[in-house]
Amino acid sequence: MPYRLEIRKMKLSIVEYPDKKLREISKEVKSFDKSLHDLLDSMYFIMLNTNGIGLAAIQVSFALRALILNIPDDEGEQTKENLLEMINPIVTHKNGETLYQEGCLSVPKFYEDIERFENVRVNYQDRHGNTRSIDADGLLSIAIQHEMDHLEGILFIDKLSYARRKKFEKEYKRMLKEKKES
Ligand code: Y12
Ligand code: CO
């Protein structure tokens, strides 16, 4: 059954771990209409307001294969010209290995070294349904892989070793408790 969007420039909020919503497999986007554009615009707004550089639709409760990325330029500026919107992305080539300390708006305050492919080629659609392709390296490549994992219900913490994950769970639980008490 196609995923129906009912969005009117809505105020979105970020879904945080351990919310089960983050485990959903997102569905293909089939309509490239105003509702999708409103969702993407609202995602951009919340991502900038929370100091993010990447966000998948599932992180704002919409299980759709849509993500946005806004990697800072060499001066550290996040400009709208560098905004990348990827709909229905598919990795067609990947190679190399790289390690980077990742963070996620859905797992606040935690950063972990995660291994990724160094380069990826991705086919995707833009907000109008046009087919596009990009060869990514560096931070963009890492961010694309991180956001594409969200489409499969995968979080960067799932890639930690057993021992590191246990440590994370303990610290995260403590953080949530402190947040509740404050
Ligand atoms: C490399 C690694 C990870 C990605 C995925 C995109 N990740 C983010 O955009 C993470 C943003 C983030 C922002 C935070 O700041 C605020 O929430 C205000 C943050 O700080 C706290 O949680 C306190 C943590 C993560 C792309 C490339
Ligand atoms: Co994330």
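Read the numbers this way: they start at 1 and go in the same order the structure lists the ligands and their atoms.
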Looking at K21 and E16, is there a salt bridge between them, counting it only when a charged N and a carboxylate O are closer than 4.0 Å? no

Polar side chain donor-acceptor pair, E169 to Y17, under 3.5 angstrom: yes

So if you build clusters from Ile, Leu, Val, Met, Phe, Trp, Tyr with side-chain heavy-atom gaps below 4.5 Å, do F168 and F156 land together? yes

With a 4.0 Å cut-off on N to O distance, would you call E115 and K159 a salt bridge? no

Linking I/L/V/M/F/W/Y whenever their side-chain heavy atoms sit closer than 4.5 Å, directly or via other members, would F62 and L40 fall into one cluster? yes

Salt bridge check: are R65 and E152 linked by an N-O gap of less than 4.0 Å? yes

Given a heavy-atom cut-off of 4.0 Å, could you list the residues near ligand 1 in chain and number order? T50, N51, G52, I53, G54, Y100, E102, G103, C104, L105, P108, K109, Y111, L139, I142, A143, H146, E147

For the Co ion (ligand 2), check which protein N, O or S atoms are under 2.8 Å away and list them. C104 SG, H146 NE2, H150 NE2

Check this for me, if you would: do E102 and R116 make a salt bridge, where the nitrogen-to-carboxylate-oxygen distance has to be below 4.0 angstrom? yes

Hydrophobic cluster membership, with links at side-chain heavy-atom distances under 4.5 Å among I/L/V/M/F/W/Y: are L67 and L139 in one? yes

With a 3.5 Å cut-off and no angle check, do the side chains of S141 and Q145 form a donor-acceptor pair? yes

